[in-house]
Amino acid sequence: MDVKEIYDAKERLKGHIKETPVVYAPNLGEDVYLKVEVLQDTGSFKLRGAYNKIATLTDEEAEKGVVACSAGNHAQGVAKSATERGIKSIICMPYHAPLSKVQATKNYGAEVELIKDSFDDAAAYAAKLSKEEGLTFIAPFDDEKVIAGQGTIGLEILEKIPDVDIIVVPIGGGGLISGIALAAKSINPNVKVIGVQTKVSPSMYESIKEGKILTVKGGATIADGIAVKTPGKITYNIVKEYVDEIVLVTEGEISSAILTLLEKNKIITEGAAASTVAALMYKKFSHIGKKVCCVLSGGNIDVTRVSKVIEKGLYKTNRRMELKIKLKDQPGEMTRVTKLLEKEGANIVKIAQDIDVVGDTIDSMIVSIVVDTKDKDHQEQIITELNQNFYVFKANYNDTQF
């Protein structure tokens, strides 16, 4: 793929997308910047690639219309781009896609087909429509025009931070990182490009590691935007040549990053976008003394998941923990516990108690207490004080059980 495609896309996209800001984020490191693509129209970088592809369709292709398969961001990008050009669009979405994303896609002018069962079934149906009705299939990542559109982000980063040392990019199918890496290294070959995937869905990571394209089954992840089972052929080859390293992050680390971005940077991100900051926060790559830019690829997080993310993030950052304590079943015991927690400055969020059905004594109960805390040292101090007065047999904090 010729980098000229990316420069052509930049011209093509003028007036049709936002040139999103690059902001300084000192809370994340001495020389850290964020490419805030969450502010893009439709809330995601996907608009860039979709528009570039649709803008290059022939009149004959445009007249027949387009079809795509997506659970969210790509769907909205294709719908908006097609409607802007006056083209019919059909988006095949899995039945379980969030209602907010389904409605947003319809609002952009697309006809939505909800397909039962899996995403693969929706993809198969989209392929069937493309063949039967002559619709142009707009691929989510494995297409040079789509890759070129996403690559304009790389040009913008180098314009704003010409001396950037490292660009950190989420990887799903590889379209975003392929475009950014190609663009960035055409300007400065010394720029290091690092990709991030989840431990749950490491398809590109495993493919590069094994030297061939692999399909990884994966599982449920908060970073659903990068939960791609099989990388693209075009993207695999570009990543193999231009991407310096791929690292993996956990669900807890992503949740922690979402919480940090929300609380400290006032930026709402989806899981895929926050994966880059998770990799930075949890030192998945070396960046001491380097100027780093993390790409925040999108902000379309389902509001029903926000509370779960915050909860998990609080545990991961040592701001919340759950204690299970064995107490004598007699008056005053619970008061003793709550007074001790008050003395230690722990805020009680929730208390539940039950009969100790497995213990050796008849007069004991198990109390589960969720408390808000300051940090890891504070948590360990609380556990130490409780153990001097009671029996703490389980404490859950920071993804660890003791």
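What's counted below: heavy atoms across the whole structure, side chains too, no hydrogens, waters or symmetry copies. All of these numbers come straight from a predicted model, not from anything done at the bench.
Heavy atoms from other residues, nucleotides or ligands lying under 6.0 Å from CD of Glu84 number more than 12. Residue Ile268 qualifies as open at atom CD1: its count of foreign heavy atoms under 6.0 Å is 12 or below.
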Checklist line | Steps toward salt bridge (charged side-chain N to carboxylate O under 4.0 Å, His left out) verdict (Arg336, Glu333) | finding: CA-CA 5 Å; Arg336 287 179 61 213; Glu333 284 291 283; 2.8 Å; yes

Next item on the list: Go through the steps to decide whether Glu251 and Thr221 satisfy the test side chain to side chain donor-acceptor pair (under 3.5 Å), and finish with yes or no.
Entry: CA-CA 7 Å; Glu251 300 299 293; Thr221 172; 2.8 Å; yes

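Salt-bridge annotation for Lys160 and Glu156: absent, with no side-chain N of the basic residue lying under 4.0 Å from a carboxylate O of the acidic one. Note on Lys88 versus Glu111: no salt bridge recorded, every NZ/NE/NH1/NH2 to OD/OE distance being 4.0 Å or above. Using a 4.0 Å cut-off between a side-chain N of Lys or Arg and a carboxylate O of Asp or Glu, Lys284 and Glu245 do not qualify as a salt bridge. Using a 4.0 Å cut-off between charged nitrogen and carboxylate oxygen, Lys185 and Glu241 do not count as a salt-bridge pair. Between Glu11 and Lys14, at least one side-chain N (NZ, or NE/NH1/NH2) sits under 4.0 Å from a carboxylate O, which counts as a salt bridge.
Contact record, Asp31 with Tyr24: CA-CE1, 4.4 Å, taken as the closest heavy-atom pair. The nearest pair of heavy atoms linking Gly195 to Val243 is N-CG1, 4.1 Å. Counting all heavy atoms, side chain and backbone alike, Cys92 lies closest to Leu129 at SG-CD1, 4.0 Å.
Rounding to the nearest 0.5 Å places SG of Cys69 at 13.0 Å from CD1 of Ile90. Note: Ser297 OG to Lys35 NZ = 12.5 Å, rounded to the nearest 0.5 Å. To the nearest 0.5 Å, the span separating CD1 on Ile166 from NZ on Lys291 amounts to 12.5 Å.
Ring-plane geometry between Tyr51 and His16 is classed as parallel, the angle between the planes falling under 30 degrees on a 0 to 90 degree scale with a further cut at 60.
Checking side-chain atoms of Ser130 against main-chain N and O of Ala126 turns up no donor-acceptor pair under 3.5 Å. Under the 3.5 Å distance criterion, the side-chain polar atoms of His287 are left unmatched by any main-chain donor or acceptor of Asp165.
In this structure, Leu99 and Asp302 have side chains that are not in contact, with every pair of non-hydrogen atoms separated by 4.5 Å or more.
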